[in-house]
Amino acid sequence: MSFPFARGMQAAVLVVALAAAGCASAPPTSALTSGSQATLEGVIASIDTKPWTYDGNAIVLVDTATHGQVPVQLPARWNLCKAAPVDLAAMRVGQRVRAVGSVTEDRDVVVCERAEHRLQPLD
């Protein structure tokens, strides 16, 4: 003997399970468009300040849920930027941060061009 409620419940459970499996395995799909402004939140995966020794940009790799790992560039010459300098010494790997900046052709985010650009801790 079959109960319509039980059959409907089984279907609902199957739909929820498939949706959860799809979300768990889906790669980040949100694109960062070159020339646009982006706001990202994530966890610092690495910090590389070596490029500052030759006037390059330091790279803070931020692991985000929506974009995967995104390099956030911090210029060596803050005096040429409209953004306030970032206190990188106060940041550490594993720390949650928010980055606001301009997206480059390489999908990097550069913190410099506008006064509202920043890389700030969230915890």
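Hydrogens, waters and symmetry mates play no part in the numbers below; they use all other heavy atoms, side chains included. Predicted model only: the values in this text are computed from it and were never measured. Throughout, numbering of the chain's residues begins at 1 and tracks the sequence.
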(message) Could you report the tightest heavy-atom contact between Ala58 and Leu88, atom names first, then the distance?
(response) CB-CD2, 4.4 Å

(message) So which atom in Val70 and which in Arg107 form the shortest heavy-atom distance, rounded to 0.1 Å?
(response) CG1-O, 3.7 Å

Does [Y] offer a backbone N or O that forms a donor-acceptor pair with the side chain of [X] under 3.5 Å?
X      : Y      : value
Trp52  : Pro75  : yes
Arg114 : Val100 : no
Thr33  : Ser36  : no

Common cluster, [X]/[Y], ILVMFWY with side-chain heavy-atom separation under 4.5 Å:
X     : Y      : result
Leu61 : Val93  : no
Val97 : Ile59  : no
Val86 : Val110 : no

(message) Assess, by modelled atom type and distance only, whether the side chains of Ser102 and Gln37 contain a donor and an acceptor separated by less than 3.5 Å.
(response) yes

Return a table of donor-acceptor pairs under 3.5 angstrom between the side chains of residues 39-48 and protein atoms on other chains or two or more places apart.
| from | atom 1 | to | atom 2 | distance (Å) |
| --- | --- | --- | --- | --- |
| Glu41 | OE2 | Arg98 | NE | 2.8 |
| Glu41 | OE2 | Arg98 | NH2 | 2.5 |
| Asp48 | OD1 | Lys50 | N | 3.0 |

For the [atom1] atom of [X] and the [atom2] atom of [Y], what is their distance to the nearest 0.5 Å?
X      : Y      : atom1 : atom2 : value
Leu119 : Asp87  : CG    : CG    : 10.5 Å
Asp108 : Asp106 : CG    : CG    : 5.5 Å
Leu32  : Thr64  : CG    : OG1   : 7.5 Å
Asp63  : Arg96  : CG    : CZ    : 10.0 Å

